[in-house]
Amino acid sequence: VKEADEDLLPPRAHTGRGISPRMPSSPRAAAAVSSAPLDFRGFTGLNHLDQRNARNGNQFSLEPPDQALAVGNGFVLEAVNEGLNIYSTGGFQLLPRPLALTEFFGTSAAINRSSGRRGVSFSDPVALYDSETQRWFVLAFTQLNDTSGNPKPQSRIYLAVSSTSDPRGAYTIYVLNTTDANDPDGGGARIPDFPHIGIDRHGFYIGANEFNAISRSFIGGAIFAISKQALISGSSPTVTRFALPFRTGYEFTVFPANTPPGTKPFLSQGGVEFFVSSRFVNDTETSLGVWALLNTKSLDKETPSLQLQLVPVNTQAYNFPSQPSEQKEGFRPLGALVNGALPTIDSGDFRVLSVVYAS
């Protein structure tokens, strides 16, 4: 049973008015990449059976395997679909058993296997460890259902913020109503699909794609900005939402930046958080959208004073993968289920999936 929606895409054309881009004269060449050998290590994390059997099996079988992963202070926190576990960096499991996200966030089970009653089912988990404050952040969204599993036109984002640097300890749980049914864009009740998170010195940021909760038609992008200090202190913070109607093509998967340990976020102009997005208009594009949210220090005030700017930047051409990928022949433990040629693999799309700001 697939309860979580796969990542949704916007329409591939638009009629909105464009923006006046400020372009560099030409892209600069990237620095040479070191050829020094790297030491790669790893261990087996959560699997489908772990998340399906969490909370005594009161879970669904969900795919694709959306993963949240955060590392810091000697710990690794992982969530896959609706399961969560914590390990040492050496791969030792540090919880007695994998947790269901419904247990972690303190909600009813996804389904009661005895009565069939439906509860909360989470989607698209994400996580990060903030080295500046030594706190863990875990987020997922849900569309509310009735007890029979029929979707309601209501959505929520759940955010857990750790009380210490140990991810096994206590968390403060925040619930953000993301339905926004009265938004003047006329899009109606919505879900915050494919949410991702970023942090700078002052704020915590969520970038999401908003789709109509029932028709699944694309409405536009959205950015949520929240005081990081307020979240850590356990108070009730102000949430500033920027609605991003799909007008220029850059308003889809506006991905927030994170700053790796040992480097500093952008601190001038009252603090700036950066976002990057590709342009979802043509099959071949030659620019990226760089977004800057200015004066993030004001998030600590009751009424934040923020300014969001977008600058397109020239890039080499990149293409929307219109053809599925062929698989190479290899070990086929379930080969008897496949008649003839191997199935092709979904090539995905060209959205931005990772952004780092490092000094």
Side-chain angles (χ1 to χ4, degrees), residues 16-17 19-22 126 128 130-133 135 137 139 141 156-157 159 161 172 174-187 190 192 195-210 219-248 250-259 263-277 288-313 352 355-359:
R17 188 174 66 179
I19 58 178
S20 299
R22 289 183 287 161
V126 287
L128 65 81
D130 179 31
S131 59
E132 279 200 329
T133 60
R135 294 293 187 271
F137 296 80
L139 178 147
F141 91 88
R156 303 287 188 271
I157 280 179
L159 170 62
V161 182
T172 300
Y174 297 91
V175 183
L176 176 60
N177 187 339
T178 49
T179 302
D180 293 318
N182 298 318
D183 192 292
D185 59 27
R190 63 205 67 204
H196 281 82
I197 55 181
I199 279 181
D200 71 354
R201 173 66 54 83
H202 309 292
F204 177 88
Y205 310 94
I206 307 168
N209 298 321
E210 294 189 331
I219 300 171
I223 291 173
F224 301 87
I226 313 170
S227 165
K228 183 168 69 172
Q229 188 55 47
L231 291 174
I232 292 171
S233 65
S235 60
S236 298
T238 298
V239 179
T240 302
R241 172 177 168 266
F242 290 86
L244 308 175
F246 194 68
R247 293 172 180 164
T248 68
Y250 296 108
E251 298 87 0
F252 181 74
T253 308
V254 180
F255 208 100
N258 283 304
T259 300
T263 62
K264 293 182 179 180
F266 195 99
L267 299 177
S268 64
Q269 301 185 58
V272 178
E273 168 68 7
F274 292 99
F275 304 76
V276 180
S277 59
L288 291 172
V290 178
W291 306 72
L293 185 61
L294 284 72
N295 197 26
T296 60
K297 188 176 182 179
S298 70
L299 285 168
D300 292 328
K301 298 180 180 180
E302 185 174 347
T303 305
S305 177
L306 301 167
Q307 181 183 1
L308 183 64
Q309 297 180 354
L310 166 63
V311 176
V313 176
V352 173
V355 180
V356 171
Y357 176 81
S359 300

**Q.** Heavy-atom closest contact (Glu273 atom, Ala257 atom, distance)
**A.** OE2-O, 2.8 Å

Q. How many angstroms lie between OG1 in Thr240 and CG in Leu293, if you round to the nearest 0.5 Å?
A. 8.5 Å

**Q.** Closest heavy-atom pair and its distance - Ala243, Pro245
**A.** O-CD, 3.4 Å

Q: Quick one: closest heavy-atom pair of Pro256 and Gly198, and the distance?
A: CG-N, 3.6 Å

Q: Evaluate the side-chain contact (heavy atoms from CB on, under 4.5 Å) criterion for residues Leu159 and Ile197: first the C-alpha distance (whole Å), next the side-chain angles of each, then the deciding distance (0.1 Å), finally the verdict.
A: CA-CA 11 Å; Leu159 170 62; Ile197 55 181; 5.9 Å; no

Q | ring pair (Phe, Tyr, Trp, His ring centres under 6.0 Å) involving Phe137 - partner list, sequence neighbours excluded | A | Phe204

Q: Looking only at non-hydrogen atoms, find the nearest pair between Thr178 and Arg190 and report the distance.
A: O-CG, 3.4 Å

Q) About how many Å separate CG of Asp185 and CG of Asp180, when rounded to the nearest 0.5 Å? A) 8.5 Å

Q: Give the minimum heavy-atom separation between Pro195 and Ile206, together with the two atoms involved.
A: CB-CG2, 4.1 Å

**Q.** For Ser277, side chain to side chain contact (heavy atoms under 4.5 Å, CB included) partners two or more places apart
**A.** Tyr250, Val254, Trp291

Q.
Main chain of Asp200, side chain of Lys228: is a donor-acceptor contact present, judged purely on distance under 3.5 Å?
A. yes

Q | CD-NZ distance between Gln229 and Lys297, expressed to the nearest 0.5 angstrom | A | 12.5 Å

**Q.** Partners meeting ring pair (Phe, Tyr, Trp, His ring centres under 6.0 Å) with Phe224 (sequence neighbours left out)
**A.** none

**Q.** Euclidean distance, Phe266 CZ relative to Tyr357 OH, rounded to 0.5 Å
**A.** 5.5 Å

Q | Where Pro237 and Leu231 come nearest, the two heavy atoms and their spacing | A | CG-CD2, 3.8 Å

Q) Would you find a donor on one side and an acceptor on the other, under 3.5 Å apart, between the side chain of Asn258 and the backbone of Ile199? A) yes

Q.
Taking Thr253's backbone N and O only, do any of them form a donor-acceptor pair with Asn209's side chain (distance below 3.5 Å, no angle check)?
A. yes

Q: Would you confirm whether Thr238, through its side chain, and Glu302, through its main-chain N or O, come within 3.5 Å as a donor-acceptor pair?
A: yes

Q | Inter-residue atom distance Phe275.CZ - Gln309.CD, 0.5 Å rounding | A | 13.0 Å

(Q) Show, in sequence, the C-alpha distance, side-chain angles and deciding distance for Ile226 and Tyr174, and conclude whether the side-chain contact (heavy atoms from CB on, under 4.5 Å) test is met. (A) CA-CA 11 Å; Ile226 313 170; Tyr174 297 91; over 6 Å; no

Q: Could you tell me whether the side chain of Ser298 and the main chain of Ser305 form a donor-acceptor pair under 3.5 Å?
A: yes

(Q) Please report the interatomic distance CG(Leu128) to NE2(His196), rounded to the nearest 0.5 Å. (A) 11.0 Å

